[in-house]
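Notes for the one structure printed next.
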Amino acid sequence: MRALVRGARAIGRVLWRSKQLDADMQEEMRFHVQMEAERLARVEGVHPDEARRQAYVRFGGVEKYKEEGREARGLYWLHGVLLDARLGVRMLVKHRWLTLVGGLAMTVAIAIGAMAFEVIGDLLTPALPFPDGQRVVAVAYVATKGGGADDRVLHAFSAWRDRVATLEHVGAFRDAQHNLVAPNTPPEPIHVAEITASAFDIAQAPAMLGRHLLPSDEEVGAPPVVVIGHDAWRVRFNADPQIVGRGIQLAGTVHTIVGVMPAGFRFPIDHQFWMPLRLDPLKYAAWQGPELQVFARLKRGATIEQAQAELASTGRSVADVHPDGPDHVRPVVLPFTRRNAELADPMFVWLLRAAQLLVGALSFVVAVNLAVLLYARTVTRLGELAVRTALGASRGRILSQLFIEALTLTALGAVAGLVLAGLALQHVQVMAYGFPFWVHFELSAGSVLYGLALAVIAAVIMGVLPGLKATGRRLSANLQQLNGRTGTRLGSLWTTLIVAQVAVAAAVLPAAAYVSWHVVQTELTGPTIAVEQFVVANMNVSDEAAADREYVRSRLLALMGRLREEPGVTAVTFSSAVPGFGRDRRIEFPGTAQPRDGRTPEVATFQIAVDLLKTYGTRILAGRDFDARDTASSTAVIVNRTFASDVLGVPAQAALGSRFRYATGTDWFEIVGVVDDFPGFPRDPGSETEPTVYQPAAPGDFHPPVVSMRFSGPIPERIAERLRGVGAQVDPGLQLRRVVPLSDFQDELRSAWRSVAWAAGIITISVLLLSAAGMHALMSFTIAQRTREIGIRSALGAQPRQLLMGLFGRAMRQLSIGLLVGSLASVGVFAAAGIGVRPAAAMLLTVATVMALVASIAALGPARRSLRLPAVEALRVEG
Amino acid sequence: MDDSTGLLPGTLDLLILKAVSLGTLHGYGVLLRIQQITGGALQIQQGALYPALYRLERQGLIDSEWGTSDHNRRAKFYRLTRTGRARLGNEAASWNRIADAIGMALRTTAKEI
């Protein structure tokens with residue numbers, strides 16, 4: 001321990017007092033020599049000057065002992081490192097453009113790497129944050145030939161609970177949404193975990209107030225009870241300490257609150273309300289009943305493999321044969337966290353693990369780019385390095401200097417990148433509301449370490465590789481290059497790298513620019529209807545009631561009737577989805593009437609009330625609107641303008657009478673009307689709105705309907721609470737989920753696109769700057785290589801223009817190749833994204849022009865330098 | 001003729017410890033004290049004293065403090081720490097054992113075998 005303290009003190013001394021210690025040493029040695037000189041003069045009568053000389057001789061080489069002294073003081077290497085770091089910082093300031101370009105690129109790369117590491121790491125967390133959380137597992141049936149899981153496992157669950165020896169506290173839950181009606185609060189649909197009491201044994205979390213659920217609560221006929229979470233208790237019940245024993249209405253029944261769970265308890269996903277799971281297997285046939293998720297804890301000493309093996313032998317016999325065949329499914333045991341991150345497939349987990357590490361490799365690509373630039377810088381410093389070698393510095397010492405210089409840059413990038421990643425993760429965490437409780441998107445110590453490790457590896461690539469290459473030749477022979485100019489060639493490898501970098505930039509930029517353009521469009525163009533007048537809400541009834549068409553119909557009609565009476569409401573209608581967010585389906589045309597590009601088109605589909613288009617004020621461009629004769633069974637459909645222009649490639653009028661059917665169906669539909677695009681939210685880059693099909697429907701035809709209300713004036717305050725109150729009056733079991741103004745949907749889309757645009761913008765700028773810097777390096781090298789030639793040709797009276805063409809012709813040709821290759825790759829990217837040729841071509845041309853411009857600007861500095869160089873001076877340079 | 005001999009490797013540290021065990025000294029004082037207690041028999045490269053002092057200080061065997069010398073000059077003074085005293089005791093004992101053993105070996109005659 002004492003040694004540790006001493007070591008820490010020594011490091012502290014070296015770090016903070018390095019200069020002071022050196023000065024002390026100097027003073028101490030000077031004192032010694034003075035004392036010895038005085039002694040010699042006093043005792044031996046030597047002349048003071050001679051005494052001083054002799055004193056120095058007897059002391060020995062002062063510098064040598066200083067070096068030894070520093071070494072003996074310990075951490076001498078740290079002293080060297082500090083010196084190199086200081087030099088590195090000076091180089092950062094001196095080459096500020098390189099610092100800016102490299103720093104930005106490194107920041108972006110490390111930010112992306114650290115974010116990926118954090119997010120994937122969080123998703124792959126094997127353990128729940130409980131005591132023995134790593135033993136909590138999920139048990140499920142997955143299809144043997146892919147196709148996901150079959151969760152209707154009530155029978156199997158009952159069998160597992162009794163018979164599997166390697167598992168304990170086997171339980172199950174299902175997530176349900178019920179209306180919560182508490183005193184003094186408006187009814188609100190909430191997520192409730194209907195769960196077995198064993199969940200609380202697994203979590204080993206005692207209730208903060210009252211008790212948690214008990215097995216006796218699960219019995220059919222037991223009094224209805226509910227346990228609430230700490231947040232719900234605080235927010236909805238004002239942290240009432242007397243809450244236990246009070247009743248709240250859930251799913252139309254009064255439930256007694258029997259306990260409050262402590263803060264942080266949100267098992268199984270992100271829950272705040274727990275009701276006992278009451279299911280009688282005898283009521284259902286095998287592979288019937290509600291979907292359940294089964295969880296359990298591995299018995300101490302048992303492994304997942306053992307549990308898996310036991311299930312494989314007993315699991316199949318206990319569950320009845322699957323209706324799709326006896327071998328259709330197989331039971332699996334996996335960490336609970338994986339089940340809920342949809343990570344049942346171990347192969348997928350391994351792929352994610354690989355991705356977790358490899359995304360960081362992006363910073364290595366950047367590092368290789370920067371290595372090219374640093375190599376250019378290193379080569380111009382060959383003279384300096386040669387002097388240091390001649391003075392006895394080993395190659396290792398020089399490499400370590402170059403490494404630390406590079407590290408100052410990558411460390412700067414790492415710090416900025418980690419800050420950026422932290423901010424971005426905060427943003428993601430806000431958007432990830434409702435994620436599993438064990439996932440926290442915040443920068444962990446592991447991610448910080450990972451980011452720093454990336455910086456170190458990048459510094460090795462950036463500093464050591466060019467250093468090895470630059471110092472690999474006989475460095476001593478380069479002393480002649482002390483004037484800073486060098487005849488060293490850039491080499492085909494580095495030239496290829498620069499050209500490749502230009503190609504990558506040319507390939508990536510058009511897509512990024514396209515996305516950014518789309519965002520600008522989104523910001524500039526508003527929706528085609530007055531979205532601020534509309535409020536939409538999902539109307540849900542319980543799963544059992546949803547099957548009753550007449551029940552849904554009567555409730556929807558009653559609800560719409562009541563809503564029409566609300567002040568300010570001018571119209572109420574319904575559809576199968578929020579306008580602008582339809583369900584995508586593929587369609588096909590009869591006979592020869594195939595779409596222009598020959599692919600089966602994907603269109604957004606809606607079932608709508610016959611008055612919906614009128615309510616939304618949509619303009620009819622051709623044909624007619626729906627009316628009373630249109631029902632769900634009729635074949636009449638209405639499409640939007642984009643459908644006519646993009647899918648059929650005809651004007652609105654010509655689309656009338658066209659027929660199509662869904663790829664999964666048999667019925668043919670006929671277009672009877674074409675309407676304007678609405679609400680005009682740009683969904684994907686490349687299309688302002690999606691091609692859309694509207695089919696007529698009556699109340700009760702589908703569940704859950706989305707109700708749209710149009711207001712004559714501004715939307716009243718606390719609209720969600722008011723509408724839910726109305727819903728509860730119609731039927732306490734009626735849930736109005738997600739009551740929001742339509743303009744909020746537009747804002748969400750805009751906000752999402754804005755985030756994408758920011759990310760694309762930062763990446764674009766760093767890629768552009770990197771390639772500009774690469775081109776600058778290539779040009780600088782061309783000049784450095786041919787300085788002598790410039791002198792001769794200039795002395796012979798060559799015109800500056802000729803000279804420039806001759807100088808940069810080759811470099812420009814190389815860059816053109818890069819641009820061409822990149823543009824071709826970009827065409828592939830656009831084609832894969834399904835973006836039309838015309839916008840892609842425009843974008844490619846713009847990017848190619850910008851790149852050429854950047855190349856010219858990058859070449860301008862070196863070109864002007866070369867032309868300004870007096871011929872005589874140029875001739876002096878060793879060719 | 002110079003009677004002084006070079007130091008055996010590793011003995012400088014021991015001599016420094018001994019010198020500072022006799023009283024607080026600055027670097028030059030350590031040199032003089034060693035010369036005094038060895039009767040000037042050992043030749044020490046003066047500059048080598050300092051790396052050795054820093055090494056011992058880093059090992060926690062001696063401690064240093066800036067003060068004023070007899071000549072009223074600023075100087076760094078070294079003193080033995082408790083650990084240093086223990087080390088000196090051990091090293092001295094070990095040295096004596098070796099010296100005795102080697103002395104005994106060298107004094108041995110053919111008859112005594």
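Being a predicted model, the structure only gives us computed values, none of them experimental. Letters A, B, ... mirror the listed sequences (proteins, then strands); counts begin at 1.
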What part of A:Glu36 gets closer than 4.5 Å to chain B, counting heavy atoms only: side chain, backbone, both or neither? both
Report the option among A:Arg39, A:Lys66, A:Arg58 that has the most heavy-atom pairs separated by less than 4.5 Å from atoms of chain B. A:Arg58
Give the member of A:His32, A:Met25, A:Gln34 that has the highest number of heavy-atom pairs under 4.5 Å with chain B. A:His32
Do you know which of A:Lys64, A:Glu27, A:Met29 has the most heavy-atom pairs under 4.5 Å to chain B? A:Glu27
Which answer fits B:Ala52, side chain, backbone, both or neither, if we ask what part of it has an atom under 4.5 Å from a heavy atom of chain A? neither
Without placing hydrogens or testing angles, list every side-chain donor-acceptor pair under 3.5 Å for residues 41-51 of chain A, not counting sequence neighbours.
residue	atom	partner	partner atom	Å
A:His47	ND1	A:Asp49	N	3.1
A:Glu50	OE1	A:Arg53	NE	3.1
A:Glu50	OE2	A:Arg53	NH2	2.9
A:Glu50	OE2	A:Gln54	NE2	3.1

Regarding B:Tyr50 and A:Glu28, is there a side-chain donor-to-acceptor distance under 3.5 Å anywhere? no
Would you say A:Asp24 and A:Gln20 are linked by a side-chain donor-acceptor pair, where the criterion is simply a distance under 3.5 Å? yes
Sort B:Leu32 into side chain, backbone, both or neither according to what part of it lies under 4.5 angstrom from a heavy atom of chain A. side chain
For the ring pair A:Phe31 and B:His26, is the centre-to-centre distance below 6.0 Å? yes
Using 0.5 Å steps for rounding, measure from the OG1 atom of B:Thr81 to the CD1 atom of B:Ile62. 8.5 Å
